[in-house]
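Here's the structure we're looking at; comments come further down.
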2 protein chains.
Amino acid sequence: MSRQLPQPSRDSINLVTLLAALADPVRLTLMQAMYSRTGPVDCSVIAEGVEVGAPTVSHHYRVLREAGLTTTTVEGRRRVVTIRYEDLDVRFPGLLTAVLTPTANI
Amino acid sequence: MSRQLPQPSRDSINLVTLLAALADPVRLTLMQAMYSRTGPVDCSVIAEGVEVGAPTVSHHYRVLREAGLTTTTVEGRRRVVTIRYEDLDVRFPGLLTAVLTPTANI
DNA sequence: CCGATGCTTTGACACCCATCGAACTTACCC
DNA sequence: GGGTAAGTTCGATGGGTGTCAAAGCATCGG
C-alpha cells in the first residue's frame, strides 16, 4: 500500500519555479544523483554525501516535488523519489538532459 | 570606440549561478526577448514591456552578464546586450534552446 | 558650455529562503 | 505495547535579493 504525495499536474509546471528549484547546490546534487541511477531509489540513499541535516533534506525534496520535478511515494516509513522524466520531456524538451548531464557540473 | 563590460570566462560559468540568473520572471523575459531577435539590440528596446524601473532593469542586466549569459558592450551612452550563444552551447549544450523556446513559457 | 539622455550606483526596505534544533507523526519490530 | 527508526513540521535565525527613490556619471546635441 503506497500513496503519492501531491504534485502539480504536467501542464501547470512553471518554468521559473522549476529553474528556481534547480538553482540550489543541494537540490541540483540530489537531482544529479537521481539522474545517474536507474529506477526509483530511497531518498535517504540519494541524500548521502549531502552535508545538510535531515529537516533540510526534507525541505529540498518538497521543493523539488512542488516544482514538478519529482514524484514522491510513501512506502511504509520510507519515501521513494523519482524524476518525472516523461512529463518534463513533454513540457520542456531537452532541459533535463542539458542540466543534469555530468559534464555540466564542473 | 566601444568597450566591453567584464564577464566571466567561458570555463568559469557556473551552472547553479546560471540557473539562479534565469530563475526570475523579469530576467527570463529579457532573455526570451533577446532570443527572439536577430543580432544585438539596445537593452532599452528589450526592456520594453517589463514593468520595473530603470535601476531594477540595470540590476537584472548585470546579474545576467555576471552569470555568463550575456555580453554587454558600451556604445556611447547606450548598452548593447547579446546572448553568449557559442560559449553557452559549448558549456551547456541544449540548455538555451530548452529554456528559451517560446513554447516553454506558457 | 549647458541641458538632456541613458544608464549605473548607492542606500534603504521588505521579503524570501536555506539551515538548524526540537517536537511530532507514522510505521516497523521484538 | 514499548522502543526505535524515517521523515515531517514548527519556530527561529541569519543571509540573500528584488525593488525603488535619489544621486551620480558619461555622452550627445545645440
Side-chain angles (χ1 to χ4, degrees), chain A residues 1-7 14-34 40-67 69-82, chain B residues 1-7 14-31 33-34 40-82:
Chain A
M1 184 178 104
S2 68
R3 69 193 167 84
Q4 189 175 110
L5 296 185
Q7 67 183 30
N14 183 308
L15 181 55
V16 172
T17 307
L18 189 148
L19 291 171
L22 291 171
D24 177 275
V26 173
R27 288 194 291 266
L28 195 60
T29 301
L30 292 175
M31 288 294 291
Q32 286 168 340
M34 287 187 253
V41 184
D42 280 21
C43 60
S44 60
V45 174
I46 301 167
E48 290 175 2
V50 174
E51 297 181 345
V52 289
T56 304
V57 172
S58 180
H59 162 70
H60 285 308
Y61 275 122
R62 172 197 272 257
V63 173
L64 290 175
R65 173 173 52 84
E66 291 180 342
L69 283 162
T70 59
T71 294
T72 303
T73 50
V74 179
E75 294 190 356
R77 49 184 168 178
R78 307 206 164 166
R79 308 292 188 273
V80 177
V81 184
T82 61
Chain B
M1 184 178 104
S2 68
R3 68 193 168 87
Q4 188 175 109
L5 296 185
Q7 66 184 30
N14 182 307
L15 180 55
V16 172
T17 307
L18 189 149
L19 291 170
L22 291 171
D24 177 275
V26 173
R27 287 194 292 266
L28 195 59
T29 302
L30 292 175
M31 288 294 291
M34 288 187 253
V41 183
D42 279 21
C43 61
S44 61
V45 175
I46 301 167
E48 288 175 4
V50 173
E51 296 181 346
V52 289
T56 305
V57 172
S58 180
H59 162 70
H60 285 310
Y61 275 123
R62 173 198 271 258
V63 172
L64 290 175
R65 174 173 52 83
E66 291 182 341
L69 282 162
T70 60
T71 294
T72 302
T73 50
V74 179
E75 294 189 357
R77 49 186 168 177
R78 307 204 165 168
R79 308 292 189 271
V80 177
V81 185
T82 59

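Only a predicted model underlies this, so the values are computations on that prediction, with no experimental measurement involved. Throughout, a chain's letter reflects where its sequence line sits, starting with A, and its residues are numbered from 1.
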Between A/Thr71 and A/Gln4, is there a side-chain donor-acceptor contact under 3.5 Å, judged purely by atom types and distance?
no
Side chain of B/Ala54 only, please: which of C/dC20, C/dT8, D/dC20 is the nearest?
C/dT8
Considering only side-chain heavy atoms of A/Pro55, which listed nucleotide, D/dT19, C/dT19, C/dG21, is closest?
C/dG21
Quick one: [X] [atom1] to [N] [atom2], roughly how many Å, whole number?
X: A/Arg65; N: D/dT9; atom1: CZ; atom2: C1'; result: 13 Å
X: B/Arg3; N: D/dC25; atom1: CZ; atom2: C1'; result: 11 Å
X: A/Glu75; N: D/dA5; atom1: CD; atom2: C1'; result: 17 Å
X: B/Arg79; N: C/dC7; atom1: CZ; atom2: P; result: 7 Å
X: B/Arg27; N: D/dT17; atom1: CZ; atom2: P; result: 9 Å
X: B/Glu66; N: D/dG16; atom1: CD; atom2: C1'; result: 15 Å
X: A/Tyr61; N: D/dG7; atom1: OH; atom2: P; result: 9 Å
X: B/His60; N: D/dG18; atom1: NE2; atom2: C1'; result: 6 Å

Does B/Leu30 reach the side chain of B/Tyr61, with side-chain heavy atoms less than 4.5 Å apart?
yes
Measure across B/Val81 and B/Met34 and return the closest heavy-atom pair with its distance rounded to 0.1 Å.
CG1-SD, 3.6 Å
Below the 4.0 Å mark, does [N] have OP1 or OP2 next to a side-chain nitrogen or oxygen of [X]?
X: B/Arg62; N: C/dC7; answer: no
X: A/Ser58; N: D/dT8; answer: yes
X: A/Arg78; N: D/dA5; answer: no

Base, sugar-phosphate, or nothing: which does A/Val26 touch, judged by heavy atoms less than 4.0 Å apart?
sugar-phosphate
If you take atom types as modelled and just measure distance, does the side chain of A/Arg77 reach the base of C/dT26 with a donor-acceptor pair under 3.5 Å?
no
Side chain of B/Thr29, backbone of B/Pro25: donor and acceptor closer than 3.5 Å?
yes
Any side-chain to backbone donor/acceptor pair from B/Arg79 onto B/Thr72? Under 3.5 Å, distance only.
no
